[in-house]
Amino acid sequence: MRVSQSLIPTMRQDPGEAEVVSHRLMLRAGMIRKVAAGIYSYLPLGLRVIRKIETIVREEMNRAGAQELLLPILSSAELWKETDRWDFYGKELFRLHDRHERDFCLGPTHEEVVTDLFRREVSSYRQLPVTLYQIQTKFRDEIRPRFGIMRGREFIMKDAYSFDQDAEGAKRTYQSMYDAYCRIFSRMGLEFRPVEADTGLIGGISSHEFMVLANTGEELIVFDPDTHYAANVERAEIAPPPIGEREPPLPLEKVSTPNAKSVEEVCALLNVPPSHLVKTLLYQTGPDEITAVLIRGDHQANEIKIQRHLGIHELSLATPELVARFTTAPVGFVGPIGLQKIRILADQAVAVLSNFIVGGNEPDVHLLHANIDRDFAIESIGDFRQAQAGDPSPRGGRSLQTARGIEVGHIFMLGTKYSEKMGATYLDAQGQKLPAMMGCYGIGVSRAAAAAIEQNHDDKGICWPMPIAPFQIHILSVTASEKVRQASEQLYQNLSQNGIEVLLDDREERGGVKFNDADLLGIPFHIILGDKGLAQNTIEIKDRKTGEKYHISPEEACEWITATVKAKLEIQA
RNA sequence: CGGGGCGUAGCGCAGCCCGGUAGCGCGCCUGCUUUGGGAGCAGGAUGUCGGAGGUUCAAAUCCUCUCGCCCCGACCA
């Protein structure tokens with residue numbers, strides 16, 4: 001493709017709207033343009049990257065035995081009502097109605113639609129297992145779309161759904177998808193890590209997320225470098241703390257702590273470390289029910305773990321009004337001692353403490369030397385807090401570490417959650433009617449493009465991994481002579497004939513402009529053709545990422561470049 | 001939805017307090033010179049100042065309402 005004839009509107013300055021690197025670079029490199037919040041057009045260069053990713057995904061899904069199909073984006077409310085997700089999915093579901101006032105929605109995911117197809121068309125164990133996938137635009141009315149294409153309201157996703165006879169088979173299918181995902185992200189040239197994850201709105205038994213490692217990632221992941229344990233922080237387990245020598249209990253003591261509501265304020269006032277303090281968090285766990293959770297002052301509560309322990313789907317910190325109704329102290333001074341009609345859960349790190357500080361259940365008062373059992377009773381002890389670096393590993397390694405990542409894939413073992421609700425059954429060899437065991441598997445295709453940039457860029461622009469670069473070679477004719485023009489034209493033709501994807505910067509621009517644009521676009525190799533080099537019978541080849549330069553004669557260039565590109569693609573595959 | 005900020009030329013911004021002519025840099029167009037890391041000179045085009053209403057002789061500027069966008073928190077590929 002020739003730059004002079006392409007729509008590649010690069011920008012010299014950073015657009016004001018973009019904070020995040022990938023968003024900024026995609027705008028500057030002319031890959032995307034915004035239409036509305038969280039809604040973008042893909043320009044030719046951006047689309048090429050998307051197509052590259054789709055191709056890799058498609059090849060690996062096919063290799064794993066999945067079959068491609070295409071389900072409608074628009075679906076009627078009926079199906080969603082069958083699984084209760086019409087209500088449960090909430091405001092994130094884009095809803096609309098047709099001229100007859102019938103309810104429809106734009107698909108945020110397709111369990112219902114694909115399960116409906118399955119129950120109509122599949123009836124025998126002979127047809128199982130089957131895995132179906134599609135690559136399609138999805139719609140989610142995000143609370144806060146942000147980071148450009150990374151969290152859009154409209155985005156491109158590969159979603160796959162599997163149906164097996166039994167748990168054994170479902171497990172095998174899950175594993176083959178897990179393996180396919182590893183191949184996909186490896187082939188894309190990304191550094192990633194699969195982690196154990198929470199199942200969220202999709203529901204189901206177990207799941208893994210695939211995280212592209214990047215410091216700018218939204219997700220915090222926790223891993224144990226000694227074993228292979230890795231999990232999303234939402235999910236990450238923490239080993240119980242060692243039970244040390246208990247200090248002998250000291251008598252309870254009231255102290256005045258005027259206006260000291262936060263852990264920091266209390267610690268500063270009493271001159272103790274936050275680990276000696278225990279926070280009493282009050283959660284609304286029912287219409288008229290409050291649960292207290294005790295967490296050490298230097299720890300953070302993990303609401304997902306609490307929800308799972310209680311077996312509920314919604315949890316929020318109690319409002320100040322509710323706190324006032326259930327306790328005798330304002331927020332900040334609530335403590336476990338003397339609480340009425342509230343069950344108390346204690347994090348395992350709190351359970352091993354003695355003589356700790358708690359709120360006094362009256363304004364401006366805290367209590368010193370509190371002890372479980374002696375001063376108050378707890379209903380249960382558990383793992384209720386967020387893992388952090390240095391915590392004990394649940395798998396016996398030395399300790400947990402943390403890293404940041406971007407979620408680009410998520411796989412779920414669903415069990416029979418959808419098949420039972422929707423009657424997606426098959427007959428087994430004995431003629432028994434059984435619900436299919438399902439799995440679902442998503443990849444954020446457009447997000448993966450952004451994640452690749454977050455992981456592969458420098459201060460000048462993008463540094464694409466070869467397999468997903470919009471082009472493989474960028475030829476810059478850097479002086480305007482006829483000789484240079486002809487040489488670049490020749491090389492362009494020859495490389496293209498060898499099946500190499502070449503972008504030829506044939507604009508009447510000065511060298512500097514071309515160099516800067518090339519660095520911005522981030523195509524892996526720049527071929528620099530100028531009078532200076534040609535006079536010595538050499539052309540320069542620059543590796544965008546490493547900056548390494550090679551000087552080669554024009555005669556050898558075509559062959560050398562072709563071989564280099566092919567080699568780079570094979571290493572990844 | 002809560003908190004913070006912003007809408008002025010394609011992009012980045014100034015002007016707004018203190019009302020009176022819409023401006024700067026980059027980009028764009030024409031010509032000449034230049035040409036290996038964002039060229040120089042000369043000439044030129046481009047604005048419903050986000051929208052609606054109000055105050056005023058006069059509004060980008062003051063007031064009211066509204067729409068949109070960005071950033072920080074609770075959701076997710």
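A, B, ... follow the sequence lines: proteins, then strands. Residue 1 opens every chain.
- In this entry the distance linking CZ of A:Phe155 with P of B:rC76 reads 12 Å, nearest Å.
- The base-pairing partner of B:rC32, taking Watson-Crick or G-U wobble contacts with both distances under 3.5 Å, is B:rG40.
- For B:rC29 and B:rU46, the C1' atoms lie 11 Å apart once the distance is rounded to whole Å.
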Original post:
Reading nucleotides 28-41 of chain B 5' to 3', which nucleotides get B (base under 4.0 Å from a protein heavy atom), which S (sugar-phosphate only), which -?
Top reply: ------BSBBBB--
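- A salt bridge is absent between A:Glu111 and A:Lys417: the closest approach of a Lys/Arg side-chain nitrogen to an acidic carboxylate oxygen does not fall below 4.0 angstrom.
- Looking at heavy-atom distances under 4.0 Å, A:Glu219 makes contact with a base.
- Within the shown strands, nothing qualifies as a pairing partner of B:rA58 under the Watson-Crick or G-U definition with both distances less than 3.5 Å.
- Side-chain to base pairing of A:Glu234 with B:rC76: no donor and acceptor N or O lie closer than 3.5 Å to each other.
- Between the CD1 atom of A:Ile39 and the P atom of B:rC69 there is a distance of 8 Å, given to the nearest Å.
- Taking a cutoff of 4.0 Å between a charged side-chain nitrogen and a carboxylate oxygen, A:Asp383 and A:Lys305 qualify as a salt bridge.
- Using a 4.0 Å cut-off between a side-chain N of Lys or Arg and a carboxylate O of Asp or Glu, A:Arg153 and A:Glu92 do not qualify as a salt bridge.
- Residue A:Glu218 forms a salt bridge (charged side-chain N to carboxylate O under 4.0 Å, His left out) with just one option from A:Arg144, A:Arg146, A:Arg404, A:Arg447, and that option is A:Arg146.
- A:Phe139 places its CZ atom 17 Å from the P atom of B:rA77, with the value rounded to the nearest Å.
- For B:rG15 and B:rC1, the C1' atoms lie 35 Å apart once the distance is rounded to whole Å.
- Distance check on atom P: B:rG25 versus B:rU34 gives 26 Å, rounded to whole Å.
- Relative ring orientation between A:Phe185 and A:Phe192 is described as tilted, the plane-to-plane angle lying within the 30° to 60° band.
- Per the geometry, CZ belonging to A:Arg140 stands 9 Å off P belonging to B:rC76, to the nearest Å.
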Original post:
Is there a side chain to side chain donor-acceptor pair (under 3.5 Å) between A:His457 and A:Glu454 once you walk through the steps?
Top reply: CA-CA 7 Å; A:His457 70 271; A:Glu454 291 292 334; 5.4 Å; no
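- In this entry the distance linking CD of A:Glu209 with P of B:rC75 reads 13 Å, nearest Å.
- Between the C1' atom of B:rA77 and the CD1 atom of A:Ile73 lies a distance of 15 Å, rounded to the nearest Å.
- Using a 3.5 Å distance cut-off with no hydrogens or angles, the side chains of A:Lys460 and A:Asn516 do not pair a donor with an acceptor.
- Listed nucleotides B:rC70, B:rC76, B:rC72 differ in distance to A:Arg144; the shortest reach to its side chain belongs to B:rC72.
- Residue A:Asp14 is the one, among A:Asp14 and A:Ile149, whose nearest nucleotide of RNA chain B lies closer to the 5' end (criterion: closest heavy atom).
- A gap of 31 Å separates the P atoms of B:rC24 and B:rC71, to the nearest Å.
- The distance from atom NE2 of A:His410 to atom P of B:rC75 is 14 Å, rounded to the nearest whole Å.
- B:rC63 and B:rU55 have their C1' atoms separated by 7 Å, with the value rounded to a whole Å.
- Here the nucleotide nearest the side chain of A:Gln13, chosen from B:rG25, B:rA77, B:rC71, is B:rG25.
- Heavy atoms of A:Gly30 sit nowhere under 4.0 angstrom from any nucleic acid atom.
- If you check B:rC6 for Watson-Crick or wobble pairing at under 3.5 angstrom, you find it paired to B:rG68.
- Two residues, A:Gly442 and A:Ala36, neighbour RNA chain B, and the one matched to the more 5' nucleotide by heavy-atom proximity is A:Ala36.
- The separation of B:rC67 from B:rU30, taken at their P atoms, amounts to 44 Å, rounded to a whole angstrom.
- The existence of a salt bridge linking A:Lys549 and A:Asp543 is excluded, since no basic side-chain nitrogen approaches an acidic carboxylate oxygen closer than 4.0 Å.
- Among the heavy atoms of the strands, none lies under 4.0 Å from A:Lys138.
- Note: CD1 (A:Ile143) to P (B:rC72) measures 14 Å, nearest angstrom.
- Of the nucleotides present, B:rG73 is the one that pairs with B:rC1 by Watson-Crick or G-U wobble criteria, both distances under 3.5 Å.
- As the counterpart of B:rC17, no nucleotide is assigned, since no Watson-Crick or G-U wobble pattern has both distances under 3.5 Å.
- To the nearest whole angstrom, the two P atoms, one in B:rG43 and one in B:rC62, are 36 Å apart.
- Annotation: B:rA59 and B:rG50 have their C1' atoms spaced 16 Å apart (nearest Å).
- Using a 4.0 Å cut-off between charged side-chain N and carboxylate O, A:Glu60 and A:Arg187 make a salt bridge.
- In this structure, A:Met150 reaches the bases: a heavy-atom distance under 4.0 Å links it to at least one base atom across the strands shown.
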